[in-house]
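Below: the structure, in structure tokens.
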Amino acid sequence: MEPYEDIYFEVSGRCNARCRWCATGRKNRAGRKTGAFIDPDLFARGIRYLREYGMIGPKTVVKLFSWGEPLLHPKFTDLVDILNQEDVPFGISTNASKPVFFQAPDALRNLRQVILSLPGFSQKSYDRIQMLDFEKMKTNIAKMLVNFRECGYTGSTIGSYHVYQSNMDELEAAAAFAQEHDIGLLPSFAYIADWMEYRRYLRLEMTAERLKEATQSLFLFHVEDRLRELRAFGKCICPQFDHLVLDEHCNVLTCCLVDRDYPDYSIGNLFDLSPEKIQTLKRAQSICRECHELGIWYLIQGPLPIKRLLTLN
Ligand code: SF4
Ligand code: SF4
């Protein structure tokens, strides 16, 4: 078996944001419990196991997130030390609400990518979606990027701008900020980032209240066109079969879209599974059959990029 190119390793099952269309954010809004922080010893054991069984190779990048905020981890710098000891390239995705700084000039030599999750570019948008402090986020990004680059980070920084109906007119300001800090801005339509919720939408089973919320915030005009496009392709399968996703307990997940509350969340614990067994079990999950029938994997995994935005004064 070839090593994975991407391994998503959730080091923090928690996030402090409250995005409406992500399972973690929705639980935060409801005051419900989410996940935990990984124990650094367990993380080190997981990384060593992945390497020993050939799942980490020279081209693998370990992404330290799924639907949690990695920089909330109180021992995040220890996790980076472990990756450096094993010489494993890694990436993060962050809402930048809690900055983490490094000391050693080569501490981030293995950091390949930073994704900044942007729910708009004003306090109004932050109040509406993440419910975090916009000015603090901008200051944190600026300071962290200076520190990261001083500590050996030479990778690409992506501003992942989630386009909602309410924040289109803030894209220009986001682009100016991105240019100032050498960030590549990547706007794409916000989507329903939760398998069961998307299923309810496609099967017309969403509550009226939730559907009202969707029609007032998301762009969904492209859903039917994309499903037609998928049917025209004929037989194609979900690329998540070729990714490995682990949670903070080293459970191997079906994929990053099936929340921990749902059946079919996991295929078992990493330390009980060989690489071949992982491949076999992942492909046998019953949820995947329905996912292919409905086309959810296609709708979720290729969020539609915004090609061009026209501003009228
Ligand atoms: S979308 Fe990202 S930032 Fe928002 S609640 Fe979910 S994990 Fe947190
Ligand atoms: S088919 Fe759907 S449920 Fe299965 S791995 Fe892909 S996205 Fe996840």
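Atoms within each ligand, like the ligands themselves, are counted from 1 in listed order.
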- With a 4.0 Å heavy-atom cut-off (strictly under), which part of C15 contacts ligand 1: side chain, backbone, both or neither? side chain
- Residue part near ligand 1, for C22, under 4.0 Å between non-hydrogen atoms: side chain
- Message: For C238, which part has a heavy atom under 4.0 Å from ligand 2: side chain, backbone, both, or neither?
- Response: side chain
- Task: With heavy atoms under 4.0 Å as the rule, classify the contact between K282 and ligand 2 as side chain, backbone, both or neither.
- Result: neither
Look at the rings of [X] and [Y] and say which category their plane angle falls in: under 30° parallel, 30 to 60° tilted, over 60° perpendicular.
X: F177; Y: F121; result: tilted
X: F219; Y: F189; result: tilted
X: Y126; Y: F134; result: tilted
X: Y298; Y: F233; result: perpendicular

- R260 atom CZ, neighbour heavy-atom count above 12 within 6.0 Å: yes
- Are there more than 12 heavy atoms of other residues, nucleotides or ligands under 6.0 Å from atom CD of Q179? no
- Task: Just jot down the ligand 1 atoms closer than 4.0 angstrom to any heavy atom of G25, in number order.
- Result: 5 (S)
Note the single closest protein heavy atom to [atom], along with its residue, its atom name and the distance in Å.
atom: atom 8 (Fe) of ligand 2; answer: C255 SG, 2.3 Å
atom: atom 4 (Fe) of ligand 1; answer: C19 SG, 2.3 Å
atom: atom 2 (Fe) of ligand 2; answer: C291 SG, 2.3 Å
atom: atom 7 (S) of ligand 2; answer: Q301 NE2, 3.4 Å

- Matching residue for N16 among N95, L71, T24, N28 - test: side chain to side chain contact (heavy atoms under 4.5 Å, CB included): N95
- Message: Whether the side chain of Q123 engages the backbone of L132 through a donor-acceptor N/O pair (distance < 3.5 Å, no angle test) should be reported.
- Response: yes
- Task: Please state whether Q285 comes within less than 4.0 angstrom of ligand 2, counting heavy atoms only.
- Result: no
- Run the contact test for I296 against ligand 2 with a 4.0 Å cut-off on heavy atoms, strictly below, and give the result. no
- So the atoms of ligand 2 within less than 4.0 Å of a heavy atom of T254 turn out to be 5 (S)
